[in-house]
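Everything below concerns the one structure shown next.
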Amino acid sequence: MQNLSTVIENDDIRTSKVTAAKTAFLYTIPMMAGFIFLGIAYGVYMRSCGFSPIYPILMAVTIFAGSMEFVTVGLLLSNFNPIYALFLTIMVNGRHVFYGISMLDKYRGTGKKKWFLIAGMIDESFSVNYMADVPAGIDKGWFMFFVTIYNYIYWVVSTAVGALFGSLLTFNMEGLDFVMTALFLVIFISQWQNESSHESSLLGLGISLLSLTMFGEKYFLLPAMAGIWVILTFRRKQLERKVRTQ
């Protein structure tokens with residue numbers, strides 16, 4: 001009887017994983033389209049700068065931070081300056097600190113999967129895992145794991161395609177990076193429609209616009225994220241009470 005119960009339990013776990021994998025895939029289909037274009041563009045860009053295919057592929061596998069990978073091309077082509085590279089990386093990817101703070105509760109109780117979820121958290125994985133309304137009966141830990149690993153696979157494979165076969169492509173990819181911008185706009189609109197109170201969204205927009213005005217397009221992101229985090233942290237209890245009373 002004990003062996004039978006163990007077999008049934010293992011079957012349930014496998015079924016739960018398969019269901020989570022299928023559901024996560026559906027959520028990441030729009031992102032797959034964006035990754036295909038951006039990854040191929042990145043692979044082609046690296047080749048056009050004189051790098052062999054192994055460079056963009058290894059960078060996609062190990063760095064897995066799209067914006068920083070594009071920036072790293074310039075770093076590799078310039079004089080070696082580790083201090084500049086460090087601060088530039090913090091400037092470009094510093095927003096992930098705030099992503100991590102937002103995901104503390106989400107990642108709690110995910111076991112060993114948490115290490116991969118942390119290492120693999122990018123803009124797209126964060127947006128889905130934070131916002132997705134996971135259907136009842138699906139393990140949220142496995143759902144977030146598969147969302148993250150799907151995005152990782154999309155990026156690595158598309159980069160490899162661009163690096164290996166990019167020279168065969170003849171169409172113009174200019175402007176395709178707007179795919180991800182459009183995706184985040186859709187996510188914001190969806191969140192807006194599901195909110196009972198728009199105060200936090202309006203605060204985020206207002207602080208971002210103020211930061212953009214004060215610091216300019218290149219440097220506004222970190223001050224904006226810091227301002228949003230500070231203000232929403234202090235107003236968290238008020239916002240939660242307002243939501244409960246509505």
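If you're wondering where the values come from, they're calculated on a predicted model, not measured in any experiment.
Here the CG atom belonging to L164 is positioned 10.5 Å from the OG1 atom belonging to T159, to the nearest 0.5 angstrom. Here CE of M31 is found 14.0 Å from CH2 of W155. Values are rounded to the nearest 0.5 Å. In this structure, OG1 in T148 is found 7.5 Å from CZ in F64, a value given to the nearest 0.5 Å. To the nearest 0.5 Å, the span separating CD1 on I118 from OG1 on T110 amounts to 7.5 Å. Rounding to the nearest 0.5 Å gives a distance of 12.5 Å between CZ of F146 and CG of N129. For the atom pair R47 CZ and S52 OG, the distance stands at 7.5 Å (nearest 0.5 Å).
Grouping the Ile, Leu, Val, Met, Phe, Trp and Tyr side chains by contacts below 4.5 angstrom, directly or via other members, places L203 apart from L209. There is no path of hydrophobic side-chain contacts, each under 4.5 Å, that joins W115 to I153. V147 and L104 sit in two unconnected hydrophobic clusters of ILVMFWY residues. Membership requires side-chain heavy atoms under 4.5 Å apart, directly or through other members. No continuous path of ILVMFWY side-chain contacts below 4.5 Å connects F80 to V73, so the two sit in separate hydrophobic clusters.
Nearest heavy atoms, G43 versus P56: CA-CB, 4.4 Å. The two residues M144 and M103 come nearest to each other via the heavy atoms SD-CE, 4.2 Å. Shortest non-hydrogen contact noted between S102 and F126 is CB-CE1, 3.9 Å. Of all heavy-atom pairs spanning V156 and A60, the tightest one is CG2-O, 3.8 Å. Nearest approach of I57 to A163, heavy atoms of both residues: CG1-CB, 4.4 Å. Heavy-atom minimum distance, Y27 versus D133: OH-O, 3.3 Å.
With hydrogens and angles disregarded, no donor-acceptor distance shorter than 3.5 Å links the side chain of S211 to the backbone of P223. A donor-acceptor distance shorter than 3.5 angstrom exists from the side chain of S48 to the backbone of Y45, with no hydrogens or angles considered. Judged purely by atom type and a 3.5 angstrom limit, Y152 uses its side chain to pair as donor or acceptor with the backbone of V61.
Put simply, the side chain of L76 reaches to within 4.5 Å of the side chain of M59, judged on heavy atoms. Residues S158 and L38 are not in side-chain contact: their nearest non-hydrogen atoms beyond the backbone lie 4.5 Å or more apart. Here the side chains of K22 and L26 are not in contact, with every heavy-atom distance at 4.5 Å or above. Two residues are said to be in side-chain contact when any heavy atoms from C-beta on lie closer than 4.5 Å; Y99 and D123 meet this criterion.
Side-chain contact, Y154 with T28: a donor N or O sits under 3.5 Å from an acceptor N or O.
No more than 12 heavy atoms of other residues, nucleotides or ligands sit less than 6.0 Å from atom OH of Y55. Counted within 6.0 Å of NZ on K140, heavy atoms from surrounding residues, nucleotides or ligands total 12 or fewer; the atom is thus considered open.
Remark: aromatic rings of F70 and Y42 are close, center separation under 6.0 Å.
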Which is it for M121 and L117 under the side chain to side chain contact (heavy atoms under 4.5 Å, CB included) test, yes or no, and what are the steps along the way? CA-CA 6 Å; M121 184 170 61; L117 292 172; over 6 Å; no
Applying side chain to side chain contact (heavy atoms under 4.5 Å, CB included), run through T19 and F143 and close with a yes or a no. CA-CA 9 Å; T19 304; F143 173 85; over 6 Å; no
Could you go through the side chain to side chain contact (heavy atoms under 4.5 Å, CB included) check for T23 and V134 one step at a time? CA-CA 8 Å; T23 306; V134 182; 5.7 Å; no
Could you go step by step and tell me if I36 and M32 meet the side chain to side chain contact (heavy atoms under 4.5 Å, CB included) rule? CA-CA 6 Å; I36 288 173; M32 177 174 60; 4.0 Å; yes
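Between F145 and W142, the ring planes lie perpendicular to each other; the angle is over 60°, past the 30° to 60° tilted range.
Residues satisfying the side chain to side chain contact (heavy atoms under 4.5 Å, CB included) criterion with V71, sequence neighbours excluded, are M68, L88, V92.
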